Amino acid sequence: MKIATWNVNSLKVRLPHVLDWLASEQPDVLCLQETKLSDENFPADEISAAGYEVVFSGQKTYNGVATISKSHATDIVTDVPGLDDPQRRILGTTIDGVRVLNLYVVNGQEVGSDKFAHKLHWLEMVTGYIGTQLKEHEHFIVLGDFNIAPADADVHDPEAWHERILCSTPERDALGRMLELGLQDTFRLFPQEEKSFSWWDYRAAAFRRNMGLRIDLILASQALVARCSACYIDKAPRRLERPSDHTPVVAEFSL
DNA sequence: ATGGTGGCGCGGCCA
């Protein structure tokens, strides 16, 4: 199984990139974040025409997640039990026997802000849900835009980003508690180039200067870690005209 | 410290 995550920052704008990427890379599963589309405007026909199924949970203007797959997705979940959240940020599916949780984690804006407190609460609630799901599903993947760089190795300039949003200790600790449930960051199962990132700010020519962060992650349960054969970042879509500020992260499992 | 860019949608908000 080849599975990927990509924050597209508007699926309306990025649909051509997504269709091209599906055609060239042929993933079994592609999880999107920041579709920024209400469900009635979702381009389901175009994705079907590409030979894929798709489920989605969207809203106008902000947020929105979608899971594209070659096989049929079942047991769709769009909300965390006990978390009343109008923002469409989570999509659970089961595909080819794998439970797939597609996340668009709250950004948090600034350390210490109300949005930051909301981010930590949201992560705590999602982590609780993952704990129960892990007990039910041996083959479990949590992937998406985590809006957290796990360690300084995932930051182009750790000093400049020290205790800033996306890199702060409370955020990293929250991710740590999720991992402690029995998940691993598949990217770090393999040797990787130094300064490997998945997001670069649109401003200040950040991509050209490789001033990025690795905030898009694919976490896998132990049974899947044992079957994980690769995890890599595909920078090609970030080089296209009018790109997303994120680029796809891909993991492969022998299943 | 600010601003730099992009998407949405038409003034700001969000990232």
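Since this is a predicted model, take the numbers as computed values, not measurements. Worth knowing before you read on, the calculation uses all heavy atoms, side chains too, and leaves out hydrogens, waters and symmetry mates. Below, chain A is the first sequence line, B the second, and so on; all start at residue 1.
Nucleotide B:dA15 holds its C1' atom 11 Å from the CD1 atom of A:Ile165, rounded to whole Å. Whole-Å rounding puts the A:Asp145 CG to B:dA15 C1' distance at 10 Å. One interatomic measurement links the two molecules: CG of A:Asn7 to C1' of B:dG7, which rounds to 12 Å at whole-angstrom precision. In this structure, the OH atom of A:Tyr62 is 8 Å from the C1' atom of B:dG12, given to the nearest Å. Rounded to a whole Å, the CZ atom of A:Arg208 is 13 Å from the P atom of B:dT5. Remark: C1' of B:dG9 and CG of A:Asn41 are 14 Å apart, rounded to the nearest angstrom. Note: CZ (A:Arg238) to P (B:dT5) measures 13 Å, nearest angstrom.
When all heavy atoms of A:Arg214 and A:Ser196 are compared, the pair lying nearest together is CB-O, 3.6 Å.
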Worksheet item: Going through the distances and angles, do A:Trp6 and A:Trp21 end up as a side-chain contact (heavy atoms from CB on, under 4.5 Å)?
Response: CA-CA 11 Å; A:Trp6 191 3; A:Trp21 196 82; 3.8 Å; yes
Discussion item. What verdict does the side-chain contact (heavy atoms from CB on, under 4.5 Å) test give for A:His246 and A:Arg238, after you've listed the backbone C-alpha separation in whole Å, the side-chain angles of each residue and the deciding distance to 0.1 Å?
Written reply: CA-CA 7 Å; A:His246 298 248; A:Arg238 189 63 176 79; over 6 Å; no
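A residue-by-residue look at A:Lys60 and A:Ala204 shows that A:Ala204 has its nearest nucleotide of DNA chain B further toward the 5' end. Nearer the 5' end of DNA chain B, as judged by each residue's closest nucleotide, is the contact made by A:Arg203, out of A:Asn9 and A:Arg203.
A gap of 14 Å separates the P atoms of B:dC14 and B:dG9, to the nearest Å. Comparing the P positions of B:dT2 and B:dG6 gives an interatomic distance of 22 Å, to the nearest angstrom. Atom C1' of B:dG3 sits at a distance of 15 Å from the matching atom of B:dA15, rounded to the whole Å.
For the pair A:Thr61 and B:dG9, the criterion of a side-chain N or O lying under 4.0 Å from OP1 or OP2 is met. Checking the phosphate oxygens (OP1, OP2) of B:dG6, no side-chain nitrogen or oxygen of A:Lys36 falls inside 4.0 Å.
For the pairing with A:Lys36, the side chain to side chain donor-acceptor pair (under 3.5 Å) check across A:Thr61, A:Asn9, A:Asn41 returns one residue only, A:Asn9.
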